[in-house]
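A single structure is presented below for examination.
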Amino acid sequence: MNSPYLPPIDASDATVVFGPEKEEPGYWAGAPGVLHDGERFWLTYRHRRPRGAGHERGWRCAVAVSDDGVRFSEVWSVHKDELRTPSMERFRLTRTPGGYRLYLSYVDPADNRWRVDALAADHPSRFDLTDARPVLTAASTGTEGVKDPYVVQDGPVTYLFASYAEPRAGLPADAHATADVYAVGATTHPTGLAVSVDGGASFRWHGEVLPVGSGWDRYQARLNSVVPAAGGYLGFYDGSASPEENYEERCGLAVSADLFTWRRLTNTAPWSVSPYGTGSLRYLDALIVDGRWWLYYELTRADGSHDLRLTRVSAAGSP
């Protein structure tokens, strides 16, 4: 679907930043989160293995740095066993007055529900898991789990967007037995918003801001990235129509004037998809640097694995 902001991504002509561990279905490198601090690019990303492969699912997450936004070197990493979790997903790195904050998304080993924690350090190489503090949990949000944070700082206000599993009456007793309620079809998964006015020390959960749609995105609508545009904001979100597409979402666009209310630009079809059949183009994080869009995303390849790619296009003429 064409957009007044950007043409659909041609992922076949993209730069591969990180490849999968194996070129087989279920092996992924992706879930990128990107920060540009004015000089360097910082990237968070995840490695996944298929169920039954040993250290399965989201087993390793890392923070890496680059001068050119293409070639990255790791400075910090975590194995899922260090969090005693069945799986980790998207992390998010932000700047703070005193250094950096890292938001972690992982399955809580206590109840098999997704949660978000935070770490703080003066440099991304010095995060210490013993300092982790809870930010959003199923209990604190009144949901069945919350994950995949994306953070926008606007003056003294911190906006944290997160995908969540909607509470639903009559939820099956075994909905969390697989430690991934997103994949079982027991509920739907819109985007919610939490707000902080104390620099991210504490958040107030406001609930749904981007609901699921009625067509291709009726099962999930996960806001992954927000960029100021035309006096408001352009958002990139993942959509899926069913739990069978939970690992193969496509990318849609939405706009907002205030970060609380979002309007879809892609009601009838995704904006960008994988060029290799019906697979995903998901977890897109967008930056505008030096007059160009830098679009980092996870893509399904022809062999069924996922890699992490970068597409750069001119921002000339965009709002």
Side-chain angles (χ1 to χ4, degrees), residues 17-18 21 29-48 55 57-110 114-137 140 146-162 194 196-203 224-225 283 285 287 289 294 296 298 308 310:
V17 178
F18 286 107
E21 183 182 6
V34 187
L35 170 70
H36 187 256
D37 64 7
E39 297 181 359
R40 294 172 292 180
F41 293 81
W42 296 91
L43 175 71
T44 58
Y45 65 100
R46 178 194 64 157
H47 287 284
R48 182 194 186 271
H55 294 301
R57 299 178 62 198
W59 69 277
R60 186 176 185 273
C61 287
V63 180
V65 66
S66 171
D67 291 328
D68 63 7
V70 178
R71 294 176 293 270
F72 285 86
S73 300
E74 287 190 3
V75 300
W76 184 89
S77 66
V78 57
H79 190 287
K80 71 173 190 172
D81 289 353
E82 296 177 77
L83 292 169
R84 302 186 303 279
T85 180
S87 187
M88 302 178 293
E89 199 126 359
R90 194 192 201 195
F91 284 19
R92 181 68 186 174
L93 183 70
T94 64
R95 288 298 305 267
T96 67
Y100 295 82
R101 181 172 289 116
L102 181 66
Y103 295 88
L104 295 73
S105 174
Y106 67 100
V107 177
D108 192 329
W114 287 95
R115 65 179 290 154
V116 176
D117 286 4
L119 298 170
D122 60 357
H123 189 271
S125 63
R126 290 189 278 273
F127 289 119
D128 184 346
L129 291 176
T130 62
D131 295 331
R133 60 174 181 80
V135 175
L136 300 175
T137 66
S140 71
V146 58
K147 69 184 185 83
D148 299 329
Y150 181 82
V151 177
V152 175
Q153 189 72 40
D154 187 1
V157 183
T158 306
Y159 299 87
L160 191 162
F161 298 94
S196 172
V197 293
D198 58 9
S202 61
F203 283 86
N224 294 315
S225 184
Y283 281 120
D285 201 351
L287 302 172
V289 179
W294 295 65
Y296 294 84
E298 179 181 321
L308 198 167
L310 165 65

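Atoms considered below: every heavy atom in the structure, side chains included; atoms not considered: hydrogens, waters and symmetry mates.
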- Message: Within the structure provided, determine whether Asp285 and Arg90 are in side-chain contact (heavy-atom separation under 4.5 Å).
- Response: yes

- Task: Go through the steps to decide whether Trp42 and Val65 satisfy the test side-chain contact (heavy atoms from CB on, under 4.5 Å), and finish with yes or no.
- Result: CA-CA 5 Å; Trp42 296 91; Val65 66; 3.5 Å; yes

- Query: Is the backbone N or O of Val289 less than 3.5 Å from a side-chain atom of Trp294, with the two atoms forming a donor-acceptor pair by type?
  - Reply: yes

- Query: Are Asn224 and Tyr150 close enough that some pair of their side-chain heavy atoms sits under 4.5 Å apart?
  - Reply: no

- Sub-3.5 Å donor-acceptor pair from the side chain of Ser66 to the main-chain atoms of Arg71, do we have one? yes

- Task: Evaluate the side-chain proximity of Leu35 to Thr94: yes if any heavy-atom separation is below 4.5 Å, no if none is.
- Result: no

- Message: Given 3.5 Å as the limit, does a donor-acceptor pair link the side chain of Arg46 with the main chain of Met88, or not?
- Response: yes

- Donor-acceptor pair, Ser87 side chain versus Gly58 backbone, under 3.5 Å? yes

- Item | Atom of Val197, atom of Val157 and distance for their closest heavy-atom approach | CG1-CG2, 4.5 Å

- Query: Under the criterion side-chain contact (heavy atoms from CB on, under 4.5 Å), which of Val78, Leu43, Val63, Asp148 is the partner of Phe91?
  - Reply: Val78

- How close do Trp114 and Lys147 get, heavy atom to heavy atom, and via which atoms? CD2-CD, 3.3 Å

- Message: Salt bridge check, Glu21 against Arg60: does any charged N sit closer than 4.0 Å to a carboxylate O?
- Response: no

- Query: Looking only at heavy atoms, which two atoms of Asp117 and Val135 are closest? And how far apart?
  - Reply: C-CG2, 3.8 Å

- Message: Is the shortest side-chain heavy-atom distance between Pro124 and Leu93 below 4.5 Å?
- Response: yes

- Query: Judged by atom type as modelled, is there a donor-acceptor pair below 3.5 Å linking the side chain of Asp37 to the main-chain atoms of Arg40?
  - Reply: yes

- Message: Walk me through whether Glu298 and Leu308 qualify under side-chain contact (heavy atoms from CB on, under 4.5 Å).
- Response: CA-CA 5 Å; Glu298 179 181 321; Leu308 198 167; 5.9 Å; no

- Where Asp68 and Val70 come nearest, the two heavy atoms and their spacing: OD1-N, 2.8 Å

- Task: Return the orientation label for the His47 and Trp59 ring planes: parallel under 30°, perpendicular over 60°, tilted otherwise.
- Result: tilted

- Compare all side-chain heavy atoms of Leu104 with those of Leu129 and state whether any distance is below 4.5 angstrom. yes

- Message: Between Arg133 and Ala201 (side chain of the first, backbone of the second, donor and acceptor by atom type, cut-off under 3.5 Å), is there such a pair?
- Response: yes

- Task: Verify side-chain contact (heavy atoms from CB on, under 4.5 Å) between Val116 and Arg92, making sure each step is shown before the conclusion.
- Result: CA-CA 10 Å; Val116 176; Arg92 181 68 186 174; over 6 Å; no

- Please report the shortest heavy-atom distance between Ser202 and Ser196, naming the atom on each side. O-OG, 2.8 Å

- Heavy-atom nearest pair, Gly99 first then Arg95, reads O-NE, 3.2 Å

- Item | Check: Val107 and Lys80 side chains under 4.5 Å, non-hydrogen atoms | no

- Side chains of Glu89 and Tyr106: does their closest heavy-atom pair fall under 4.5 Å? no

- Message: Using 30° and 60° as the class boundaries, would you call the ring planes of Trp76 and Phe127 parallel, tilted or perpendicular?
- Response: perpendicular

- Task: Report the C-alpha distance between Tyr45 and Tyr296 in whole Å, list the side-chain angles of each, state the deciding distance to 0.1 Å, and finish with yes or no for side-chain contact (heavy atoms from CB on, under 4.5 Å).
- Result: CA-CA 10 Å; Tyr45 65 100; Tyr296 294 84; over 6 Å; no

